[in-house]
Structures are given as C-alpha cells and as structure tokens.
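Proteins get letters first, then strands, A, B, ... in listed order; numbering begins at 1 in each. Keep in mind that this is a model prediction, so the values were computed, not measured.
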Number of protein chains: 2
Amino acid sequence: MESNSSQHQKEPDTEKKILTAAGKVFMIKGKAGTSMQDIADEAGINRTLLHYYFRNKDKLFDAIFDDVLKKIFPIVAKVFMDKNPLFEKIESFCILYIDMLKDKPFLPFFLFQEIYINPKRLVGMIKEGGLDTFVGRESMKKELHQHGVDDMDPRHLIANLIGMVIFPFVGRPMFQKLAFNDDQEAYEIFLEQRKKEVPEFIKCALKGRNISST
Amino acid sequence: MESNSSQHQKEPDTEKKILTAAGKVFMIKGKAGTSMQDIADEAGINRTLLHYYFRNKDKLFDAIFDDVLKKIFPIVAKVFMDKNPLFEKIESFCILYIDMLKDKPFLPFFLFQEIYINPKRLVGMIKEGGLDTFVGRESMKKELHQHGVDDMDPRHLIANLIGMVIFPFVGRPMFQKLAFNDDQEAYEIFLEQRKKEVPEFIKCALKGRNISST
DNA sequence: GTCTATATCGGGATAGAC
DNA sequence: GTCTATCCCGATATAGAC
C-alpha cells in the first residue's frame, strides 16, 4: 500500500524536476551565474533537496553537462561518420541540429563556454565518445572530389556548416533585434527556413566553386 | 620635478593595467565567474585598487563592455552601411573581423552571453550606436539582385557570413582538438586562410545559385 | 524525502593608516 | 594612490527535526 504517501505530494519525480530546472538555468546564466536557489525556484522545490539528490553544485552541473554531451555528440558525429552522400548528410545535419537548438537554444553556448573555462573536460569527453582522432576527413575529401572540388580543405566546409547553423541561436537576441525588429514570430520562421537555406547555400557554393575552376 | 614619485613604482598607468586585465578575465570567465581578486591578480595589483578606480564590479564591467562595443560595432555596421560593391564589403568584413578576433577571441562570446543574460543592454546600445532600425536591408536586396540572386533574404546571407566567421573562434578549443589534433600552429594558419575562404565560399554560393535559377 | 536552522566561507565593499 | 583591517552579505553545505 502506498496510500500513506498521498500527503507527500508524491511528485512524479523530484530528481527529474531538478534536472530539468538545472538544465534550463545553467544554460542561460552559466555555471557561475547560477545559484542553487535559482534552480530550486525554477523547480519549485526546497533548496536543500538539490543537495539531497546531487550532493553539491559541481556534481549537479556535471550531471547536466554529461547529459548535454550525450545529446549533441551523435548529431555532430553524423556529419563525419555517415555513409550517405555528402549533401544528404548536410541536409539531415541541419534539420536535426536546428530542431534540437529550437528546443535548447543555449546549448552550443553552454558547451563552448564551459570548455573554454575548463578545457580538461574535453579530453575525457572525447575518449568517452570514442572520437579519438578525427576520422572521416579523408573520406570527406574524396566526396568533395567527386563533386569536382579539389581545392578545399573539408575542415573549412565543416566550420562553415556549423557556423551557419549555430549563429542564429547564439546571437539570437542581438540578431533578432537588429534584423527583425524583435519580431519573435518572424524569427521563428527564419529559423525554420534555414533548414533549407543552409544546405542550399552550401550546395551552390560547391557547385559555383566547381564551375569556376574548370 | 617628479623625482619624488620614483618610489611609487610610477606604474605606466594602473588604470590601464586594470582595464587590460579585466578585459581578459571577464571575457574568459564571464562576469559572474570572475572575482575582483582574479582581476587584481591578473593585473598584479592590490584588490582594493579596483574599487578605488572603478568603485565597484558592475562599473568596471560596464567600462569593459562599452569598450568592446565601441570596437565591434563599426565593423559590423560596415557590412550594411558601406557603399562599396557587395563582395568587397564582404571581403573587408572578413579581414577586419578575423583580425580583431585573433586579438580578442572571446569577444563574440562575451557579447552574446551578456546580452542573453541582460537583454536590456541591447536597447541602450542600439540607440547610442544610432542603428535604430535595420537600414541597408533594401539596398542589400538590390545588390543581390544585381548578382542575379532574387530568391534570397539578405538576412540569411548575413547570418551565414557572421556564423562562418565567428565559429572557429567561439568553438575553438573543441574544433581545434577534434579537427586539428590540437595543433595550435595549424589552427592559426586555418584562421588566416578563412579570410579568403569565407568570401570565396559566399561568392561561389551566390554564383552557383544564380546559375541554377537560369 | 522534505523541511528548518545553522555553520562556514568567499567575495564585494568601505574606512582609515601610510 | 596604495595598502591593511574590517564589515557585511549571499551562497554553499550540513545537521537534525519531522
């Protein structure tokens, strides 16, 4: 019988509520800028419960950070590991990544910031993720060659791709204000458009480059 | 005579040292993550001097932030305001921006973060900068038209441009590790290459798009 | 598991001597 | 202008009652 637990709120899962709240607040305010109280407020619970479940702030942050990595790595890896044709990979990357960022816009931000401050994390991260060296670069070069592009380091292509996808999210407040007069709705549409716009841009760039060199 | 000041270290300018140190530390650790002691250590001075010169942490941060804005705005504005041909604007933007970021790699980071946390700043910022509404968009559309591109919102072009330029800096630790096996030197070269690579990529993209639609 | 009360510490800020 | 000493508060963290 668990009828006696009815008074205890029987919250669907306090731990889960904490993780959700912490993820949200940490992402926006950063680790240092976030207090345990902030998280407790966001979760609607007592502050000391955070310690009960996660011992201390560091541990809680780590839990969030690991979680974030688990979500983002498979997506990034897709571009390098997949066996699909180049443009298909790029397209699916854009869709996946943009959808994820719509859900968690601060994610790249959060990631990059923490790694800047604490680069050690990167080492363990990579070993766990099994991305020890950068596989797939040679194969990408080959793919570019098949499209008639021989004079481009694939890493430039990767940087271009990721940069184009990420920017509207990390720079959102500024860009939305300056370029969209703070029209939220228009910006949402813009973000959605980029799922097609970015792959198209890349496709044209590679095609244009190809033609120019013949 | 100022011979009597010889004991006093006669520092070339304490205030300047503070600004330099604060700029560095704030950018890397963020406002919340930086303590006054951190800055004092970086500057090699006593902590209370920071208060003597800037009263409190907020004021010191504001001084840094304003300074950053003054540097970055003219560069960004250049893309929209200039009367040069489109590709020249893009090229000079890339060179200016990349050179600046080589000097202050955390700058976009720092900017975006602060604006995310404190969007109010944006308002005052824009009014000071005189960028009230987004001028230059129509003229950009015209320019694109001259290049045979009619089906592209110039804002996508802007987002692409800025994203491509910024990413290698904000994502540096991760990207350098994953794509360059942490080879610092190779990465510097890569960054330098992007001054040509990005404009070239854009040029080809627009050309490719143009041809495809004819 | 959840709460209240409390210990402890670090960081911001000021006063005042030099 | 620069330093030491000190105040104060906010935030982490723990102990212990329920």
Side-chain angles (χ1 to χ4, degrees), chain A residues 1-65 110 113-114 117-118, chain B residues 1-65 110 113-114 117-118:
Chain A
M1 281 250 256
E2 38 175 322
S3 60
N4 56 346
S5 65
S6 58
Q7 342 266 91
H8 290 193
Q9 290 267 84
K10 194 171 172 295
E11 292 299 354
D13 204 0
T14 304
E15 187 167 343
K16 196 137 202 162
K17 273 163 69 181
I18 293 174
L19 285 171
T20 306
K24 191 169 173 186
V25 184
F26 271 139
M27 287 231 208
I28 298 174
K29 299 196 180 184
K31 183 179 173 181
T34 300
S35 73
M36 295 296 262
Q37 188 64 57
D38 288 338
I39 297 170
D41 289 347
E42 175 72 31
I45 58 167
N46 188 285
R47 194 173 57 78
T48 51
L49 283 177
L50 302 180
H51 291 97
Y52 177 80
Y53 282 96
F54 293 92
R55 182 142 190 97
N56 60 37
K57 188 180 175 180
D58 277 327
K59 294 255 196 333
L60 175 54
F61 183 83
D62 287 349
I64 301 293
F65 194 81
F110 173 76
Q113 184 192 31
E114 179 59 20
I117 294 173
N118 184 3
Chain B
M1 280 248 260
E2 37 173 322
S3 60
N4 57 346
S5 64
S6 56
Q7 343 265 90
H8 290 195
Q9 291 267 84
K10 194 173 172 297
E11 294 297 355
D13 203 1
T14 305
E15 187 167 342
K16 196 140 203 160
K17 274 163 66 181
I18 293 174
L19 285 171
T20 306
K24 193 170 171 184
V25 184
F26 272 139
M27 286 232 204
I28 299 174
K29 299 196 181 185
K31 183 178 176 182
T34 301
S35 73
M36 296 296 261
Q37 188 63 59
D38 288 338
I39 297 170
D41 290 346
E42 175 72 28
I45 59 166
N46 188 286
R47 194 171 59 81
T48 52
L49 283 177
L50 301 180
H51 290 97
Y52 176 80
Y53 281 96
F54 294 92
R55 184 141 190 96
N56 60 36
K57 190 178 174 181
D58 278 327
K59 294 253 195 337
L60 175 53
F61 183 83
D62 287 349
I64 302 292
F65 195 82
F110 173 76
Q113 185 192 29
E114 179 59 20
I117 294 173
N118 184 2

Can you sort out the partners of [X] under side-chain hydrogen bond (donor to acceptor under 3.5 Å, both in side chains), two or more places apart, ordered by chain and number?
{"X": "A:Lys57", "answer": "none"}
{"X": "B:Lys24", "answer": "B:Glu42"}
{"X": "A:Asn46", "answer": "A:Thr48"}
{"X": "A:Asn118", "answer": "none"}

Just how far, in rounded Å, is [atom2] of [N] from [atom1] of [X]?
{"X": "A:Gln37", "N": "D:dT12", "atom1": "CD", "atom2": "P", "answer": "9 Å"}
{"X": "B:Asp41", "N": "C:dG11", "atom1": "CG", "atom2": "C1'", "answer": "13 Å"}
{"X": "A:Ile18", "N": "C:dG1", "atom1": "CD1", "atom2": "C1'", "answer": "11 Å"}
{"X": "A:Ile39", "N": "D:dT12", "atom1": "CD1", "atom2": "C1'", "answer": "12 Å"}
{"X": "A:Ile45", "N": "C:dG1", "atom1": "CD1", "atom2": "C1'", "answer": "11 Å"}

### Summary
Taken in chain and number order and not counting sequence neighbours, the residues that satisfy side chain to side chain contact (heavy atoms under 4.5 Å, CB included) with B:Asp41 are B:Gln37
### Query
Mind checking what makes side chain to side chain contact (heavy atoms under 4.5 Å, CB included) contact with A:Asp62, not counting sequence neighbours?
A:Arg121
### Query
Is there a residue in residues 20-35 of chain B whose heavy atoms reach under 4.0 Å of DNA chain C, and which residues are they?
B:Thr34, B:Ser35
### Task
Quick one: list whatever passes ring-ring contact (aromatic ring centres under 6.0 Å, His included) with A:Phe26, sequence neighbours left out.
A:Phe61
### Query
Rounded to the nearest 0.5 Å, what separation is found between the CZ atom of A:Phe110 and the CD1 atom of A:Ile64?
7.0 Å
### Query
Contacts to DNA chain D from residues 46-57 of chain B, heavy-atom cutoff under 4.0 Å, which residues?
B:Asn46, B:Thr48, B:Leu49, B:Tyr52, B:Tyr53
